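Notes follow once the structure below has been shown.
Both counts, for ligands and for their atoms, begin at 1 and track the order of listing. Starting from 1, each residue takes its place in the sequence as its number. As the structure is a prediction and not an experimental result, all values here were calculated from the model.
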Amino acid sequence: MENTVVRTKVKDLLKSKPGIDVLAKGWVRTKRGNKGVAFIALNDGSTINNIQLVVDKTRIGDDVLSKVTTGACIRVEGRLVESVGSGQAVEIQASAIEVYGECDPVRYPLQKKDTSFEYLRSVAHLRMRTNTFGAVLRIRNQMAFAIHEYFHSKGFVYLHTPLITESDCEGAGQMFQVTTLDIDKPLPRNKKGSVDYSKDFFGKQTSLTVSGQLEGELGATALGEIYTFGPTFRAENSNTPRHLAEFWMIEPEMAFYDISDNMDLAEDFIKHLVKYALEHCADDIQFLNDKYDPELVERLRGVADTEFVRLEYTDGIRILEEAVSSGVKFEYPVYWGVDLQSEHERYLVEKHFRRPVILTGYPKEIKAFYMKQDENGKTVRAMDVLFPKIGEIIGGSERESSLKKLEDRINELGMSRKNLEWYIDTRRFGSCPHSGFGLGFERLLLFVTGMQNIRDVIPFPRTPKNAEF
Ligand code: 4AD
Ligand code: MG
């Protein structure tokens with residue numbers, strides 16, 4: 001079959017004026033009809049909406065039409081006409097169909113009755129062809145673009161920090177080791193009996209990064225304002241709907257920002273992204289709203305227009321303790337010094353304030369070594385942004401800029417300085433006040449799409465005991 005016209009994407013066809021010859025290509029979603037006419041819904045991934053093909057069976061025979069089944073890939077030529085049926089403005093009156101790839105209706109996994117998210121995760125190589133995952137992944141794409149655009153417009157430098165590293169930024173020991181040593185054979189040992197990493201690929205022990213922040217600070221103290229946007233890895237055995245072993249993080253880091261500038265940026269950033277989604281992903285968000293989450297659009301608008309609460313950790317604990325005394329039941333205990341669980345965060349956000357909360361002034365014991373210590377010696381200038389449905393969506397802080405205080409904290413925690421001297425140099429040479437934060441990209445997407453499980457907002461989720469595809 002020859003190209004008489006150029007292929008138009010379904011998204012553009014649906015916006016075109018009728019009365020032109022068109023060429024469309026895509027995958028069949030459904031086919032129905034009667035003796036004389038067949039109706040085919042065609043989707044090419046460019047939009048949540050399908051284009052309807054109307055096929056006169058006297059023009060296109062059963063030899064072709066019998067191969068046009070759900071999942072088959074076809075090429076169709078025809079005339080774009082005003083649709084008589086409701087539901088769409090235009091449709092294609094097909095004059096010729098070529099089947100690029102047939103799709104056995106018996107074996108095609110997406111034909112099964114079971115379309116639970118759990119089942120779809122087991123066929124993640126095909127689930128992108130469903131309406132839901134098409135919508136989620138188009139939103140994911142728009143959000144990635146919006147993030148770059150936001151920082152670019154503010155003059156931030158996009159810094160590429162390494163994925164393989166020698167340091168554990170968060171100090172939580174949740175690193176995946178990277179090695180070329182053959183672990184099936186006896187490992188090289190030093191005199192003390194421990195593994196001799198000088199024989200390993202990098203000549204030292206290395207891991208996949210949990211965060212680009214430490215290298216980001218090197219960038220910020222040279223270029224002023226930077227951000228990273230890349231994959232990060234955590235070997236935490238958390239089988240929850242909010243944790244992945246491989247997730248994407250956006251980490252801005254800014255010289256001369258104090259904690260309050262940092263909070264302003266975080267709030268503006270996230271509101272901008274939510275507004276961008278409402279504006280640029282309206283069809284996909286409406287689809288998810290109507291199918292799964294009738295309050296989604298309302299929730300997004302709410303966050304875009306609301307001022308976030310700014311609350312000290314100590315005051316947050318007091319509110320939670322009062323809730324407990326008035327009969328609210330939490331699974332985990334509440335007291336000053338405790339690391340808040342997501343049930344506590346969600347109580348503050350969803351029940352008490354009914355809007356996003358930025359919690360600051362955390363006890364230093366439950367936060368990372370690099371955070372700026374308060375005068376009281378007990379708290380640090382940390383900030384977590386807590387969101388409805390999600391809990392923590394952003395974690396950040398003002399950084400400790402005093403060489404002495406940073407060194408004291410590293411020693412207090414018994415951390416190895418050997419791998420950190422390069423980082424400490426930022427405080428040794430021209431130290432400056434600075435701040436930053438990390439936004440979990442998939443947590444943001446959970447919020448924007450209303451999906452319930454983080455495994456369903458990334459194409460190929462990595463979680464404990466699962467690294468398929
Ligand atoms: O709070 P976290 O651990 O902070 C950092 O890594 C800092 N170095 C960030 C910085 O200040 N530059 O992680 C930041 C965010 C969390 O708020 C959460 O949204 C997300 O990353 N996150 C995860 N998302 C999915 N799966 C996991 N296992 C996550 N762990 C953290
Ligand atoms: Mg955190």
Which side-chain N or O atoms in residues 357-366 pair as donor and acceptor under 3.5 Å with protein atoms at least two apart or in another chain?
residue	atom	partner	partner atom	Å
T360	OG1	L311	O	3.4
Y362	OH	D384	OD2	3.3
K364	NZ	G377	O	3.4

(message) Can a donor-acceptor pair be found, under 3.5 Å and without considering hydrogens, that links the side chain of H434 to the backbone of C432?
(response) yes

(request) Look only at the side chain of D284 and the backbone of F287, and say whether a donor-acceptor pair between them is shorter than 3.5 Å. (result) no

Compile the donor-acceptor pairs under 3.5 Å between side chains in residues 244-252 and protein atoms, sequence neighbours left out, one pair per line.
residue	atom	partner	partner atom	Å
E251	OE1	S211	OG	3.3
E251	OE1	G212	N	2.7
E251	OE2	S211	OG	2.7

(message) Is it the case that the side chains of Y227 and H148 hold a donor-acceptor pair, with the cut-off being a distance below 3.5 Å and no angle test?
(response) yes

(message) I need the protein N, O or S atoms closer than 2.8 Å to the Mg ion (ligand 2), given as residue plus atom name.
(response) E392 OE2

(request) Answer yes if the side chains of D200 and T179 hold a donor-acceptor pair under 3.5 Å, and no otherwise. (result) yes

(message) Checking side-chain polar atoms at under 3.5 Å, does R428 have a donor or acceptor matched by the opposite partner on T426?
(response) no

(request) Compute whether any side-chain donor of one residue and acceptor of the other, for R455 and N466, lie under 3.5 angstrom apart. (result) no

(message) I need the single residue from R399, R409, Q213 that forms a side chain to side chain donor-acceptor pair (under 3.5 Å) with Y370. Which is it?
(response) Q213

(message) If the criterion is any heavy atom closer than 4.0 Å to an atom of ligand 1, which residues make the list?
(response) C169, E170, S211, Q213, R234, E236, R242, H243, L244, F247, M249, E251, Y370, E392, I393, I394, G395, G396, R399, G436, F437, G438, G440, R443, I454

